[in-house]
Structures are given as C-alpha cells and as structure tokens.
**Q** 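Mind looking over this structure? Questions follow.
The chains referred to below are lettered A, B, ... by the order of the sequence lines, with proteins before strands, and numbering in each begins at 1. Here the structure is a predicted model, which is why all the values come from computation and not from measurement.
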Amino acid sequence: MELAKAYDPKSAEEDHYQRWEKSGFFTPEVNQNPAAPTFSIVIPPPNVTGSLHMGHALQHTLMDVLARWKRMQGYRTLWLPGTDHAGISVQRKVVEQLKKEEHKKPTDIGREEFVRRAWAWKEEYGNTITEQMRREGASVDWSRHRFTMDESLSLAVRNVFCTLHEEGSIYRGLRIVNWCPKDKTVLSDLEVKDEVKKGGQLTYLKYPVIGAGRTITVATTRPETMLGDTAVAVNPSDDRYKDLIGKMIALPLTDREIPIVGDEYVDAEFGTGAVKVTPAHDPNDYQIGQRHDLPHLLVMNDDATMNANAGADFEGLDRFAAREKVVERFEELGLLEKVDEYEVTLPICERCKTVVEPILSEQWFVKMDEMREMALDLMKSEGVPHFSPRIPHEKVYTAWLENLKDWTISRQLWWGHQIPAWYDEKGNVFVACTAEEAYEKAGTRSLTQDPDVLDTWFSSGLWAFSTFGWTGERNADTPVRSFAQGADKSVRVPLSDLDNFLPTDVLVTGRDIIFLWVSRMIMLTRKFTGKKAFEDVVITGTVLGKDGKPMSKSRNNGVDPIEMFDKFGVDATRIYLASIATGADIKWNDIGVETYRNFANKIWNATRFCLMYSETSDFDWATATEDERKLYRKEKGGLTLADRWIDSRAAKTAHALNRALETYQFHEAVSLVYHFFWDDFCDWYIELKKDEITEGNILATTHIFWVLDMALRMLHPFMPYLTEELWLKLPGSSNELHHEAYINAEASIMLAGFPVGNPKWFDDIAEKEMEAVIDAIKKVRNIRAEMNISTAVSFTVHIAAHSYYQKVFVENEAQILKLAKAESLVISDELDVPKASAKAVTDNASIAIPLEGLIDFDKECERLLNQITKLTDEKTRLDGQLSNVNFLERAPAEKVDALRERSVELEHQIQTLKNNLEALS
RNA sequence: GCCGUCUUAGCUCAGUGGUAGAGCACUCGCUUCACACGCGAUAGGUCACAAGUUCAAAUCUUGUAGACGGCACCA
C-alpha cells in the first residue's frame, strides 16, 4: 500500500467525523452489550453567543479523551452536548442588532417581538460553536443536544422554581443589590468583579449639626449619594461624638433633617469616625438603617441618573456629573473640608465593565442554607466531588460554601426563563408552573406575569439532570432512549436516560465557574434527584497568551484554535492540550503543537513503513487472541528478544496509561504514549526488526502489526483522526477487532478494545537483556561520533561480558552489527585488543574497538578520563552514604543493599577504565 | 485583611523524600532505501534565597524575595 510521504491532517479530518456521526458511534446505543457499565459526561454548555476559544478546546479535548477511552473499554458512553441561552449576552446582541439595523430600542418593538428576534438570532448565529466542535472531533451525541431554553428544560426550571417557592426557599424581597446601569439589570455577587482604580478621591463633607454650633465631617467616595442620606452614624463609645447622638443634622443641598445615631458598626479609628448613612445605596448603610429604623431614600434611576428625590437641581444628571456638582456646591457653601487622593476598588459588571451601583431593589432570592448543608455534607461524608487537582479547589469550594449567602436570581431582561410568578391588581403574588395554574390559584384571569427572567445559572444549575429528561413533573413519562443495564442479560428493562446516566462520572470545566455553576449543580441535583451530579471534577488551568497573560480581545493575545487546527492539524493541537499538566496554567507556544505535529508525522511514517511490507500472512494476526499469537510464534520459531521486549514495553505502557487516565493525569498519559511510540517502537523496535521485515519475514511483519495496532489504539483518544485513518489501512482491520460490545458496527478504531496492559506480559528479563544490547550499541555509536569516524568506515567490535550476556550478544549479533554499523563482532570473557583501541564499559559489558590508524590517543584519554570522572563522582557519593552509620542503621535494608551493589559495580567499571587508560600510555 | 498557588537547563514545562527529566533551541556528525516534521552523538541545572526536620530534602516545615490567583473589606 502506498502512503504519501508526509501526513496531511486535512483529508483525514474531512473524512472520518461525518462517518462516525452518521454511523451512530457517538450514541450510547452503539453499545450492544446489555450489561455494559455506563459512562457519562455532560458538557459545560457554551454560550450560544460564543465561538470556540482555547479554553473550550482544552476542556473538550479532555472530555473527548475520556469518552473515547471509556467507549473503547466497552462502557455505554454518553457525552452530552448543548448550549446555554446566555441571558445578558444574547440580549445585548439583539439590542445592538436592533439599533444598527432599525435604529430602534427594545421598547419600540415590545417584549414578544424582542424575544422572537432573540430566538431568530439564536437560530442563525447560535450554532457556531457546535459546528466547531465537529472539527475538534468531539464524540458527543448530537441526537441528545440540549439548549437551556428547550421546552423540557424550561419546564424543569419552572417546576424547580415552584417547588423552592412552596418550601419557602425562594422569596421576593427588598435588598441592596448590584445594579448594572448599562444592562439595567441586577447582578449576582459572582458577576461583579473588582477593578482597582487609581486617582480615586475621598471627599470630606461637613454637615451642620442643628443647635450644636458645629459641623460633623463625613468622608465618602460617592458624594452624590449624600442626597439620599437619612442619618449620620458614629460609634457610641467615641468621645468625640457621643454627645451628638440624637441630635439632628440639616442635610445640605436638601431641606431634610436627619438624625445622628450611634452604631457599633462604625470604626472610630477609620476616617473621621462619622459615617453618612445612605440605606438605599449601600449594603452596610442598609443594615444600619434596619437597626435604627431609618427611611430608605432612593435617589437614582435605573440608568444611574439622579431622580426626583435628589432634588430639582440634580434630577436627570448622571451619577458622575451629580458627584462633581455636589462637591462644587459644598465648596460654595464652605462645607467642603478637603478632598484626598484615595485608591478605590470599584465594583464593575463582569460583562460590560460598567461601574456597578449598589441599589435598593425588590428582587427574587434563593435561600441557600439547606442546599449548602447538603453540599457540605456530601464533601464531608464522601469527599464528593473529588477535585482534580484537589489542591486548592476542594478547600476553596468548601470555604465558599460555608460563607454562602442568598442567591439573587431575578434579572431585568427579556431573554431567558420568565419568572413563573403572577400578580393581581392588589399586588398579591401567585407562583405557578403555568399561567393557567396561576389563574386558578388567584381565581381571576386578570394577572400580570413578573417581567423579570431568571439568572442564566439557574437553568444551567439543573443541567446535570434536566438534560436527561427530568422535568419535575409528577407522573411524567420520562423519555426512554437507552436500554437497560443489569446482570441478567436476558432481562431488558427499559430505563430512562436519567436512570442510566445520572450521576455523571466526571465534570471537566474551568475554575472560573466552580461557584457559579459547579457548586449550584451539585446542590440542585442533590436536592431534586437525590443523586450526585458527578463524582469527580477536573478543573483545567488557563491557557495564557504568549505574553503570559490571559487571552483577551483587548490584549489581542488570543490564539484561535481553528487557526491551530489549520496550521498543525486537529490531532496535534489536541494532544498538545492534553499534555498540559491537569489544572496548571500554561503559556501558549506554537512550538509545543509543532512537536506533536511532528509526532503525528512520525506515526504516519512508521505505519507507512510497516505497510510497505504488509505481506499477507497465513495466520490471521488481527483476530487472534494474544495467547494464540504467542503460541503461533512459538511454533514458528519463537519470539526474538526484541519482540519480547516490545511486548513488555507495550504492556507496561498500556497499564500505566490506564492508571494515568483513571487519575486524570492526562499529561502523564501523553508522555507515556509519546515515548513508547517514538523511542521504543520507532527508534529501537523498527530498527531492530528492519532487516527481517524488509526481507519479507512474515513472522516479523505479523508481530509488528500487532504492536502497531496496539499503539494506534492507545493513541486514539488523543489523536482520533490520524489513528482512524491509519488503522483502517492496516491489513485485517475489521469490526472483528472491535470491543465485543460493538461487534456488529462498521469497522472503526474508535470501537476497538482499549489495550489493558495485562501484567502477565511484563517481561523484566527481556527488558534487561534488551537494555544490555542497547547500551552496547550506544557505546559503539558514541565512540564513532567522538572519534569522528565516518559511517563509511567499518570496524570490528569486541565485547567482553559474563557468559549470560555473551549469549545475549551472540543472539543479537545481527542487530548490533547493523545498528552500530560494525563489520564483525568478537565476544569473549576478556578483551584482547591492540593498544590502539577505543574502549568503553556498560553495566553488563566491556567494549573495545581496534582503530589502528584512526584513533586519536589524546581524545581517547579524554574520553576515558571523562567516563572515569563521572563514575567516580557517583561512587564517591555512594561511599559517603555507605560509610554513614546512621544511614546503614536507619535506611531500609534493600536501599542499603542496592547501594552496595552499585558501588561494587562502579568500582569494577572504574577499574576497567583505569586499566584501559594505562594501556594507552 | 484572610486563604492559596507558583519560582527546576537559554525558552516552554514535567517531576516530588533516596543518583535531576522532556520538547524546542544550541554544538558536532549524517541526503543510512518510513520519516530532514528525520537519524546519530554531545553539551547545558548548587531545582528563587535562608534556616530547620531527616540517615537522606529539588521534594516536608518555617521564614524571606519575586510573580500570580481567589475571597472579604473599602465611610
């Protein structure tokens, strides 16, 4: 079979995905084993507004590696894809579109039309990311794709809301909330970020105290809020002010009189020791207001302009303009004490970067107490979820839960799940799953639904179970898609996806949404299904730009995954991403991907070499069991050392690979397959077997295909396209090689069994013998290189060794001659060579090459001295330890023995080298 | 303020009580019939610094310096 000289990822990427998808390989139904265990992952649903970035690519790669690995192991595997309706983001897109195309505001077209357009926007642009996921090779079950506003998911949302409300866990209340004046909606604490702003100011305002003939000074970073002050608070034990408690202040710029109150909250040491109290615009002031029964005076509109309460002079002014004007007026009145430079951290809207205004507002909240305890208990009693990496996430997650406050769930948007609460004309609330129910409850049809929608995270918090058909309906028929698991294969009990796939096995996501999403999904899943959402959570690190900073549009340091796919191939990009240590941040570098692009090419060419000599064997290597193969080889003359060695290496690699993936050590897994394939298989095995193979030795080709097949299977989860492309070309690849669960499906490596790495194939003797051969070859190569001997010059290699290894060298003479480019081999007990020879020692042998006329004596001295120095340094270190009584007494005996043996061995080698050196002079 | 992470070869990063590793770059040599996206051979590190625990520390503890993250507060 002829293969191109270099691997071209494009064609493989185009061919296979469609076929996999069309053949239903991504669905759990492809698994025909009724007793198969299940494996499930739900995708963190990307925003419909999003397009693929490197963080997605990383997470998707890890999820796909797990899904493909488990699928090959015979698990009934489901990786469920979907998208999130992304309330604010979509709303903003539609608003922009409306403005640009029609110069209209949302209120011009009304809610119904706006929502219709949002859906249209979603239909048109919302599947960018799902298309990109196909390119990634993501083995997701598209037939189970979910959207957070799908009918059944929306039903789940309403039912959860109603249940929580019935229990009293959801309530409506007046609170200080984070208000974004640009998006004109409330935000949860988690959607507010801090931004340190230099050049901020702390303004000191003097308030005249009535009847005291003095003023009291308060400091503020938001002078405009003084228009809403309803008190000044001082610490009751503060001698400077305690006489003033109870007195009234004539609040400047207003005609209001406000009291001075004593409150322990006030820190006498900080600022002036007196605090202006604005209960409607500050959470702490609100608390003080509650304690002293102060009125709340809201002085701003929802766009952060001042309202009528601020007075005629200020009404309509933006908050920042009002701020300046307040300061000016105080100065005019002589009541401005001073303005200090002050570094302030401003709360900003995570999405639009507008300064968030704390404002008193009526919103819906979820009490988190019960669910918090559930989640904490799960962690405490079962250690669930198990985070990878555990440090620091387990602790951070637990600490966050312990301090969890009520969750603000209403949002002043039109796009999303409208809150299922209706009001009558008197303002009575009726919470119900449908309008009809609400009418029934209210006994009237003249109700108005709450205009707000729910926080996007409310619906995504149900993702782990709402995606499997859970709607919260009593007596509802949950859709039955999959068939049963169970010990008795004859009994096929139909089970719903919910039964089959919840709890999911693992969640793979970024650390930025542990609180926003992961924690809420854990709590809501536990509460509403009684099950765990997932056992394990893999937290990926951040892929940073080349400058070491997080990728962002403003920094223009982003790297587009699609560009990388085009440049290096999907497989190379995937395996590079998987090679990043779990949870570690990494600076992006193209060279890393290039390494794996080269690796892909190496795999391609190794396979190409094998296929050049793929004579049909009289033995069906492909479908034979490992035992049958061994038996066959034995009958036909047995396995060579190289065969036994590569079998052992392959088994050990597969074994370690499975252990690494079980513990989510993806980078370790990559390292294992990379070095097995390149170092063991290509650099040594192929080279050792080359003659046999090119000569058409059927035993040799049979065995090499067996190893290659195993290597490709191990690589498949990381490099799906390349491995499929090559595997299908292997002689004998067919669905007979599939895992037994997929025996009827069309041939594909993605359904082949994943190598187990049975320890019974570990062969330490073969590895030790092979190493002796490899060491000898390396020493000869070293001599050739350091003596500058052209490969055109051939020479005789003398090897002295114990009889055991003499036998090994004799049996592998052909290989040694070929790889060391030597002409002949002399194997003996003792070296017997002329003075003009270059020499070296290995752990098992002494090596000499007579080089009459070619040897550079100075150089040879240097070589020998170098070797002696290295070994002597090591021996000195060992002997130091061995002469330490404490070491001998306290270190484990086996350690001491090992060191003793090594020391003796080193002494022997050093002595040999010294003799060699003497012989030179 | 509280909690936490990182600092290892020129670069990007693994490792984690018992002789320092990879990829790339560098040096030398190879157009060897799978692959120059390659092959072979070298070189390169007192594992940030200091003290401690230990027979043994890059690995554990404490502190210092630098880089960074989360949470809280911010009159």
**Q** Sticking with atom C1', work out how far B:rG15 lies from B:rG70, rounded to a whole angstrom.
**A**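 Per the computed distance, 26 Å lies between those C1' atoms.
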**Q** Side chain of A:Lys5 only, heavy atoms from C-beta on: which candidate in B:rU5, B:rC35, B:rA34 is closest?
**A**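 Nearest to the side chain of A:Lys5 among the choices is B:rC35.
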**Q** When we call it a touch if two heavy atoms are under 4.0 Å apart, what does A:Cys610 touch: a base, just sugar-phosphate, or nothing?
**A**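 Touches nothing.
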**Q** Flag the pair A:Arg863 and A:Glu860 as a salt bridge only when some basic side-chain nitrogen lies within less than 4.0 angstrom of an acidic carboxylate oxygen.
**A**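 Between A:Glu860 and A:Arg863 there is a salt bridge, with a charged N closer than 4.0 Å to a carboxylate O.
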**Q** Would you indicate what A:Thr220 reaches in the nucleic acid, counting non-hydrogen atoms under 4.0 angstrom: base, sugar-phosphate, or nothing?
**A**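 Sugar-phosphate only.
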**Q** Of the nucleotides B:rC28, B:rU5, B:rC74, which has the atom closest to the A:Ile391 side chain?
**A**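 Selected nucleotide (nearest to the side chain): B:rU5.
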**Q** With rounding to the closest Å, how many angstrom separate the C1' atoms on B:rA14 and B:rU61?
**A**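 Rounded to whole Å, the distance is 25 Å.
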**Q** Specify the residue among A:Leu346 and A:Ala785 whose closest nucleotide of RNA chain B lies further upstream toward the 5′ end.
**A**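 Comparing both residues, the 5'-ward one is A:Ala785.
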**Q** For A:Val266 and A:Asn886, find the nucleotide of RNA chain B closest to each by heavy atoms; which residue's nucleotide sits nearer the 5' end?
**A**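 The answer here is A:Asn886.
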**Q** Is there a side-chain contact between A:Lys870 and the phosphate of B:rA43, meaning an N or O under 4.0 Å from OP1 or OP2?
**A**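 True: A:Lys870 side-chain N/O within range (under 4.0 Å) of B:rA43 OP1/OP2.
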**Q** Does A:Ala6 offer a backbone N or O that forms a donor-acceptor pair with the side chain of A:Asn605 under 3.5 Å?
**A**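 No; judged by distance alone, with no hydrogens or angles, the pair does not exist.
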**Q** Could you tell me how the ring of A:Phe599 sits relative to the ring of A:Trp678: parallel (under 30°), tilted (30 to 60°) or perpendicular (over 60°)?
**A**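 Rings of A:Phe599 and A:Trp678: parallel, as their planes differ by under 30°.
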**Q** Once you apply a heavy-atom cut-off of 4.0 Å, does A:Asp683 come out as touching a base, just sugar-phosphate, or nothing?
**A**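 The residue A:Asp683 makes sugar-phosphate contact but no base contact.
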**Q** Could you work out, with side chain to side chain contact (heavy atoms under 4.5 Å, CB included) as the rule, every residue matching A:Val266, not counting sequence neighbours?
**A**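 Testing A:Val266 for side chain to side chain contact (heavy atoms under 4.5 Å, CB included), a comparison that skips the adjacent residues, returns A:Ala233, A:Asn235, A:Val275.
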**Q** Enumerate the protein-to-nucleotides 18-25 of chain B contacts in which both atoms are nitrogen or oxygen and the separation is below 3.5 Å.
**A**
residue: B:rG18; atom: O2'; partner: A:Lys895; partner atom: NZ; Å: 3.3
residue: B:rU19; atom: O2'; partner: A:Arg877; partner atom: NH2; Å: 2.9
residue: B:rU19; atom: O2; partner: A:Glu874; partner atom: OE2; Å: 2.9
residue: B:rU19; atom: N3; partner: A:Glu874; partner atom: OE2; Å: 3.0
residue: B:rG23; atom: O2'; partner: A:Thr595; partner atom: OG1; Å: 2.4

**Q** Polar atoms only, N or O, under 3.5 Å: list the protein pairs with nucleotides 13-16 of chain B and their distances.
**A**
residue: B:rC13; atom: OP1; partner: A:Lys587; partner atom: N; Å: 2.6
residue: B:rG15; atom: OP1; partner: A:His667; partner atom: NE2; Å: 3.2

**Q** Quick one: is B:rA36 close enough that its OP1 or OP2 comes under 4.0 Å of any side-chain N or O from A:Asn605?
**A**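 No, outside the criterion.
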**Q** Is it the case that the base of B:rC35 and the side chain of A:Lys602 share a donor-acceptor contact (distance under 3.5 Å, atom types as modelled)?
**A**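 Such a pair exists between side chain and base.
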**Q** Looking at B:rC35, does its base get a donor-acceptor pair with the side chain of A:Arg608 below 3.5 Å?
**A**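 Per atom types, no contact qualifies.
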**Q** When we call it a touch if two heavy atoms are under 4.0 Å apart, what does A:Arg781 touch: a base, just sugar-phosphate, or nothing?
**A**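 If one applies the 4.0 Å heavy-atom cut-off, A:Arg781 turns out to touch the sugar-phosphate alone, with no base involved.
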**Q** Would you say A:Arg222's side chain and A:His281's backbone share a donor-acceptor pair under 3.5 angstrom?
**A**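 Yes; judged by distance alone, with no hydrogens or angles, the pair exists.
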**Q** Distance check, C1' atoms only: B:rC28 and B:rU19, in whole angstrom units.
**A**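 B:rC28 and B:rU19 have their C1' atoms separated by 28 Å.
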**Q** Please determine whether a side-chain nitrogen or oxygen atom of A:Lys690 lies at a distance below 4.0 Å from atom OP1 or OP2 of B:rA34.
**A**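 Indeed, a polar side-chain atom of A:Lys690 lies that close.
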**Q** For a side chain to side chain contact (heavy atoms under 4.5 Å, CB included) check, start with the C-alpha distance between A:Lys839 and A:Ile847, then their side-chain angles and the critical distance, and finish with the verdict.
**A** CA-CA 5 Å; A:Lys839 293 174 183 168; A:Ile847 291 162; over 6 Å; no
**Q** Taking the six-membered ring for Trp and the full ring for Phe, Tyr or His, determine whether the centres of A:Trp588 and A:Tyr576 are under 6.0 Å apart.
**A**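 Ring centroids of A:Trp588 and A:Tyr576 are less than 6.0 Å from each other.
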**Q** Taking the same atom, C1', in B:rU8 and in B:rA48, what whole-Å distance lies between them?
**A**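 Approximately 10 Å lies between the C1' atom of B:rU8 and that of B:rA48.
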**Q** Counting only N and O atoms by type, is there a donor-acceptor contact under 3.5 Å from the side chain of A:Ser903 to the main-chain atoms of A:Leu899?
**A**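 Not at all, since once roles are kept as given, no pair shorter than 3.5 Å links the two residues.
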**Q** Ignoring hydrogens and geometry beyond distance, is a side-chain donor-acceptor pair present between A:Thr345 and A:Asp194 at under 3.5 Å?
**A**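 Checked: A:Thr345/A:Asp194 side chains show no N/O donor-acceptor pair below 3.5 Å.
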**Q** Are A:Phe568 and A:Tyr596 near enough that their ring centres are under 6.0 Å apart?
**A**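 Ring centres of A:Tyr596 and A:Phe568 not closer than 6.0 Å.
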